[in-house]
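Note sheet for the following structure.
Quantities reported herein were computed from a predicted structural model and do not represent experimental measurements.
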Protein chains: 2
Amino acid sequence: MAATETLTAERILEATEEVLRRYGPAKATVVDVARVLGVSHGSVYRHFRTKAALREAVTERWLERTIVALRPYAEGREPADERLTGWLTALFALKRRKAGGDPELMATFQVLIGENSAVVDRHEDHLVEQIARILADGRDEGLFAAPERDATATARAVFDATDRFHNPAHAADWSAPDIEVAFTAVVSLVQRALRA
Amino acid sequence: MAATETLTAERILEATEEVLRRYGPAKATVVDVARVLGVSHGSVYRHFRTKAALREAVTERWLERTIVALRPYAEGREPADERLTGWLTALFALKRRKAGGDPELMATFQVLIGENSAVVDRHEDHLVEQIARILADGRDEGLFAAPERDATATARAVFDATDRFHNPAHAADWSAPDIEVAFTAVVSLVQRALRA
DNA sequence: CGAATGACAGATATTGAAATCTGTCATCGG
DNA sequence: CCGATGACAGATTTCAATATCTGTCATTCG
């Protein structure tokens, strides 16, 4: 293949993603990754100590994309209530599109998530921080009531309350006919709870 | 064993539950059930058309117990907001005790739930109806605002918002140290949303 | 006569031998 | 000198032969 290019962690991660896509989490091997790159599997171990570390890095990269996609809502200048609904809707749409568009890839992703709970915990903290930022802005704008405790705790509650609409564990439910209705109902419940 | 007693659907269900407990969902067979009862497996098929129907019946029985345990809250005479918190807390405690006390049994239960989504859907409808009843009482008492749509839709939103604290898919999270805090935060979010 | 049995066919699960994979490391080549 | 290689040991997975299970039904038993 492109044996001329130097072997970087980045290129290995891309190849790993491709192998995971093609063979799924059960059959994707380090040897497969090396084959895609046209190198020996020993070379892969120069950049990643174990297969688990490699898969963890892929998981991290994958989750990072969600953070980036949601940043516009977290950092926007619109009224906080609109940004919150926008953020929640965007997150749901993102996950749902991924789950609906390629169920196998979603299943793969779910396996990786299950393997890397520490990475997922950090990712959730990032998401909750984005919500907390919207809540803090909302309080400053007088749209949201001042939280009883800190904004992060309330943000976590909002994240937990909408769990059914972003946690991949529920992906199977997202093709139900009335899922949109259920989502809208929970979002307006949350909005009512926050309103000043 | 007690070959003198007549073979009833009830006795078969008890035996099936025991076999599921002992061997788990993967290894529990109709032959095992028959062995526990001291009959031939053909006799079991006189009462249940298939193994799937037998497992479905066990699942239904299992879920029914939750409905019964929560009825006092659904039908109590205390103020509706207290009843709602009580109901949600009782449901969480029930599931959590089951998950924490016997993780293997919980895993078995989860497999059965996955196999019988129709039964689970009906069960959820019952639970939502219990919440709806509390909400309707709360509206009559002037504690809760009149719902924008019907009480059942709002009840479903409350059920969905607390999903993380009763859906067995999240059982693994329930031993986290701050799960109580997270639960309390979501419940007070919900209460704030409902308040008149 | 109606409930229970057990032999049976096809489907599913188990098992253990063979193949593949993971992770290491002495060696190679630019 | 430094990244890449490939042989290797132990762990894991695959595969096909074997055993068990599901669901039916003709027959038995009380």
Side-chain angles (χ1 to χ4, degrees), chain A residues 1-60 104 107-108 110-112 114-116 119, chain B residues 1-60 104 107-108 110-112 114-116 119:
Chain A
M1 290 243 159
T4 52
E5 293 176 46
T6 42
L7 187 61
T8 62
E10 180 65 20
R11 284 187 62 223
I12 293 175
L13 287 176
E14 272 162 24
T16 305
E17 227 182 284
E18 184 185 328
V19 168
L20 281 166
R21 256 174 220 278
R22 200 182 313 168
Y23 302 129
K27 290 203 192 158
T29 73
V30 176
V31 171
D32 290 329
V33 173
R35 191 169 19 242
V36 165
L37 291 164
V39 299
S40 77
H41 76 280
S43 300
V44 172
Y45 281 96
R46 179 161 296 282
H47 292 85
F48 295 92
R49 274 202 347 284
T50 63
K51 183 188 183 182
L54 180 55
R55 290 166 74 122
E56 182 179 300
V58 168
T59 308
E60 207 157 13
E104 282 190 36
T108 295
Q110 244 174 286
V111 171
L112 291 193
E115 282 171 4
N116 298 286
V119 170
Chain B
M1 291 239 162
T4 52
E5 293 175 46
T6 41
L7 188 60
T8 62
E10 179 64 21
R11 285 188 62 224
I12 293 174
L13 287 175
E14 272 162 23
T16 305
E17 226 180 285
E18 184 185 329
V19 168
L20 281 166
R21 256 173 218 279
R22 202 184 310 170
Y23 302 129
K27 291 204 191 157
T29 71
V30 175
V31 171
D32 291 330
V33 173
R35 190 170 17 245
V36 165
L37 291 164
V39 299
S40 78
H41 77 279
S43 301
V44 173
Y45 281 96
R46 178 162 297 281
H47 293 85
F48 295 91
R49 275 205 345 286
T50 63
K51 183 188 184 183
L54 180 56
R55 290 166 75 122
E56 183 178 302
V58 168
T59 307
E60 207 155 14
E104 282 191 36
T108 296
Q110 245 175 284
V111 171
L112 291 193
E115 283 172 4
N116 298 286
V119 171

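Toward the 5′ end of DNA chain C lies the nearest nucleotide of Gly42(B), the other residue of the pair Thr50(A) and Gly42(B) mapping further downstream.
At whole-Å resolution of the value, CG in Leu7(B) and P in dA3(C) are 11 Å apart. In this structure, Ile12(A) places its CD1 atom 12 Å from C1' of dG3(D), rounding to the nearest Å. At whole-Å resolution of the value, CZ in Arg55(B) and P in dG23(D) are 11 Å apart. Between the NZ atom of Lys51(A) and the C1' atom of dT13(D) there is a distance of 10 Å, given to the nearest Å. The NE2-P distance, from His47(B) to dA3(C), rounds to 8 Å in whole Å. Note: CG (Leu37(A)) to P (dG3(D)) measures 17 Å, nearest angstrom. A straight line from CZ of Arg49(A) to P of dC25(C) spans 14 Å, rounded to a whole angstrom. Summarising the geometry, the separation between CZ on Arg46(A) and C1' on dC25(C) is reported as 11 Å, rounded to the nearest angstrom.
When all heavy atoms of Pro25(A) and Arg55(A) are compared, the pair lying nearest together is O-NH1, 3.2 Å. Taking each heavy atom of Ala57(B) and Phe48(B) in turn, the nearest pair found is CB-CE2, 3.8 Å. Summarising the geometry of Tyr23(B) relative to Ala28(B), their closest heavy-atom pair is CB-N, 4.1 Å, with the distance given to 0.1 Å.
Here the side chain of Asn116(B) pairs a donor or acceptor atom with the backbone of Leu112(B) at under 3.5 angstrom. Between the His47(B) side chain and the Leu13(B) main chain, no donor and acceptor come within less than 3.5 Å of each other.
No donor-acceptor contact under 3.5 Å links the side chain of His41(B) to the base of dG6(C).
Residues of residues 22-33 of chain A having a heavy atom closer than 4.0 Å to DNA chain D: none are found.
Here Ser43(A) reaches the OP1 or OP2 of dT5(D): one of its side-chain N or O atoms lies under 4.0 Å away.
Residue Val39(A) has its side chain nearest to dT5(D) when only dT5(D), dG6(C), dG23(C) are considered.
The only member of Arg11(A), Glu14(A), Glu18(A) that meets side chain to side chain contact (heavy atoms under 4.5 Å, CB included) when paired with Val36(A) is Glu18(A).
Other residues, nucleotides and ligands place no more than 12 heavy atoms under 6.0 Å from the CD atom of Glu104(A).
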